[in-house]
Amino acid sequence: MTKDELIAQGLPEHIGIIMDGNGRWAKKRMLPRTAGHKQGLTSAKKIVAAAAELGIKYITLYTFSTENWKRAQEEVGYLMNLIRSHLRAEFDFYIKHGIKIDHIGNLAGLPEDVQKEIINAKKDTENFTGTTCILAINYGSRDEIVRGVKKLISSGTKSEDITEETISKSLDIPNIPDVDLLIRTGGEKRLSNFMLWQCAYSEFIFSDTLWPDYDEKEFYKDIEDFQHRTRRFGAVPEQNS
Ligand code: IPE
Ligand code: IPE
Ligand code: MG
């Protein structure tokens, strides 16, 4: 499908991506895992640019989970450096595509210099009107919900005011639409603590492609696959006969 055909069929408003398989991609090439992360960043930029070209409103990238601290210090350090230097050095990339940066995850738990770059990138792109690219860094969905509930309690919310809406609003970004399409590369068929609340009615696509090999062509194909799904949200679709 061409870009225009894809757009004409109706796009998902919010795409979430679990970018998995960097380590295995590197291992296959006898390279250190870090080389996989570097190549993974190239894929992420390609896909974010493609999403911006199509006019996707929100794309959330699972970049570093609250569980990923369990990895070797060298790998964690490399990832933190990669995130920090990308946000600092590649601002042109965001300008070029009119991309607005946002963040979900536990900001306070990140190294201070990484926190600073995230805050700066958000501020520098806050008036951009293109695709919003949400980086999930030090993100865990359970952690996000726990922090949200704490916010509700400390603001004195009464139990009768606890609704799906108030809980949604207590999450890291209060007004983002639910994830319509969730793509996980790397062959594993699990959520690994990604947007549990926001994925309640998402369409899932699990791809065996390792993230550094994922490209625009497969991204288009996955969106096309999404367009052929029937979303029922628990209802019975109207019969034509
Ligand atoms: C995903 O790739 C990137 C992060 C979790 C940061 P992995 O590093 O998990 O790659 P595999 O799953 O080991 O191949
Ligand atoms: C999920 O991948 C986290 C990110 C892609 C950032 P993992 O590789 O950490 O997930 P598990 O450990 O296989 O569930
Ligand atoms: Mg993995």
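Indexing begins at 1, ligand by ligand and atom by atom, following the structure's order.
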Salt-bridge contact Lys122-Glu126 (side-chain N to carboxylate O under 4.0 Å): no

Pair Asp225 + Arg229: basic N to acidic O under 4.0 Å: yes

Trp69 six-ring face occupied by Arg71 cation (under 6.0 Å, within 45°): no

Cation over ring face, Lys3 and Tyr220, 6.0 Å, 45°: no

Salt bridge flag under 4.0 Å for residues Glu75 and Lys70: no

Donor-acceptor side-chain pairing of Thr209 and Glu218 below 3.5 angstrom: yes

Whether His86 and Tyr94 hold their rings parallel, tilted or perpendicular, with breakpoints at 30° and 60°: perpendicular

Numbering as shown, the atoms of ligand 2 that approach Asn68 to under 4.0 Å (heavy-atom distance): 3 (C), 6 (C), 9 (O)

Which of the ligand 2 atoms, numbered from 1, are nearer than 4.0 Å to a heavy atom of Arg71: 7 (P), 8 (O), 9 (O)

Basic-acidic side-chain contact under 4.0 Å: Asp215, Lys46: no

Name, closest N/O/S atom of Asp20 to the Mg ion (ligand 3): OD1

Subset of ligand 1 atoms that lie under 4.0 Å from at least one heavy atom of Arg24: 11 (P), 12 (O), 14 (O)

Taking atom 1 (C) of ligand 1 as the reference point, the nearest protein heavy atom with its distance: Met19 O, 3.0 Å

Ligand 1 contact by Gly186, heavy-atom criterion under 4.0 angstrom: no

Location of contacts on Glu188 toward ligand 1, heavy atoms closer than 4.0 Å: neither

Contact partition for Arg184 relative to ligand 2, non-hydrogen atoms under 4.0 Å: side chain

Under 4.0 Å to a heavy atom of Thr63 - the qualifying atoms of ligand 2, by number: 6 (C)

Shortest protein contact, atom 6 (C) of ligand 2 (heavy atom only): Tyr62 O, 3.4 Å

Distance flag for atom 14 (O) of ligand 2, protein heavy atom under 4.0 Å: yes

Note: Arg33-Glu74 ion pair, threshold 4.0 Å (strictly below): no

Region of Arg190 that comes within reach of ligand 2 [heavy atoms, distance under 4.0 Å]: side chain

Test item: side-chain donor near acceptor, Trp197 and Ser168, under 3.5 Å: yes

N/O donor-acceptor pair under 3.5 Å between Arg24 side chain and Gly186 backbone: yes

Per-residue contact class, Phe64 against ligand 2 - non-hydrogen pairs under 4.0 Å: backbone

Distance-only N or O hit between ligand 1 and Asp20, under 3.5 Å: yes

Contact check: Glu188 to the Mg ion (ligand 3), N/O/S below 2.8 Å: no

Contact check: Gly23 vs ligand 1, nitrogen or oxygen atoms, below 3.5 angstrom: yes

Which of the ligand 2 atoms, numbered from 1, are nearer than 4.0 Å to a heavy atom of Ser192: 10 (O), 11 (P), 14 (O)

Side chain, backbone, both or neither: the part of Lys27 lying under 4.0 Å from ligand 1 by heavy atom: neither

